[in-house]
Amino acid sequence: RLLAAQEPKGFVIKKEEQQFKRYLRVADRTVTYPDGRDIAYDVVVTPSNHFVTVLPFNQKTQTFSLIREYWQGPHCLGAGVACGGYDLGKHKDAAHAAQCELSEECQLKG
């Protein structure tokens with residue numbers, strides 16, 4: 001289930017400039033906080049800005065499992081929580097996006 005985001009009252013985007021674009025976009029964004037401070041962020045922007053996270057839970061043993069997947073940044077295989085984009089034009093729902101993520105980077109089928 002997707003949770004609705006709340007409007008950040010008092011937080012104002014002062015400036016946003018695109019730094020990189022391919023299948024996602026990285027922006028240099030400066031936000032003015034309610035107390036007047038300006039904070040700069042590197043923001044990853046996708047068409048929907050929705051993502052899924054997969055954390056397998058075994059009800060019988062009451063344990064979580066990490067998933068081995070390819071990590072693009074350090075170019076290695078690692079164990080962690082799988083996450084990826086939820087494209088409203090590509091995926092039927094969040095569960096379908098999670099299945100695709102497990103198939104893509106995690107190379108799991110079934």
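In this chain, residues are counted from 1 in sequence order.
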Visitor: So, for A27 and E16, which heavy atoms are closest and what is the spacing to 0.1 Å?
Guide: CB-CG, 3.7 Å
Visitor: Let's go through T32 and F11 carefully: what are the C-alpha distance in whole Å and the side-chain angles of both, what is the deciding distance for side chain to side chain contact (heavy atoms under 4.5 Å, CB included) to 0.1 Å, and is it a yes or a no?
Guide: CA-CA 6 Å; T32 302; F11 294 82; over 6 Å; no
Visitor: One pair to check against side chain to side chain contact (heavy atoms under 4.5 Å, CB included): V54 and V81. What are the steps and the verdict?
Guide: CA-CA 6 Å; V54 182; V81 177; 5.8 Å; no
Visitor: Which heavy atom of G80 sits nearest to which heavy atom of W71, and what is that distance?
Guide: N-CZ2, 4.4 Å
Visitor: Is it true that K15 and D28 make a salt bridge, defined as a side-chain N closer than 4.0 Å to a carboxylate O?
Guide: yes
Visitor: Give a yes or no on whether V52 and L88 share a hydrophobic cluster (residues Ile, Leu, Val, Met, Phe, Trp, Tyr; joining criterion: side-chain heavy atoms under 4.5 Å apart).
Guide: yes
Visitor: Under 30°, 30 to 60°, or over 60°: which ring-plane class applies to H96 and H91, parallel, tilted or perpendicular?
Guide: perpendicular
Visitor: Looking only at heavy atoms, which two atoms of A97 and G85 are closest? And how far apart?
Guide: CB-O, 4.1 Å
Visitor: Between R29 and I13, is the side chain to side chain contact (heavy atoms under 4.5 Å, CB included) condition met? List the steps.
Guide: CA-CA 7 Å; R29 179 184 290 173; I13 296 175; 3.8 Å; yes
Visitor: Between F57 and F64, does the ring centre distance come in under 6.0 Å?
Guide: yes
Visitor: What about I39 and V45, same hydrophobic cluster or not, with Ile/Leu/Val/Met/Phe/Trp/Tyr joined at side-chain heavy-atom distances under 4.5 Å?
Guide: yes
Visitor: Would you mind reporting whether I67 and L102 have side-chain heavy atoms less than 4.5 Å apart?
Guide: yes
Visitor: Quick one: do the N58 and T63 side chains pair a donor with an acceptor below 3.5 Å?
Guide: no
Visitor: If you apply the rule side chain to side chain contact (heavy atoms under 4.5 Å, CB included), what do you find for Q19 with D42, and how did you get there?
Guide: CA-CA 9 Å; Q19 300 298 309; D42 293 328; 5.6 Å; no
Visitor: Any carboxylate oxygen within less than 4.0 angstrom of a Lys/Arg side-chain nitrogen, looking at E104 and K90?
Guide: yes
Visitor: Any side-chain heavy atom of C83 within less than 4.5 Å of one from F51?
Guide: no
Visitor: Answer yes or no: is there a side-chain heavy-atom contact under 4.5 Å between D38 and K14?
Guide: yes
Visitor: Going by atom types alone, do H75 and Y70 pair a side-chain donor with an acceptor below 3.5 Å?
Guide: yes
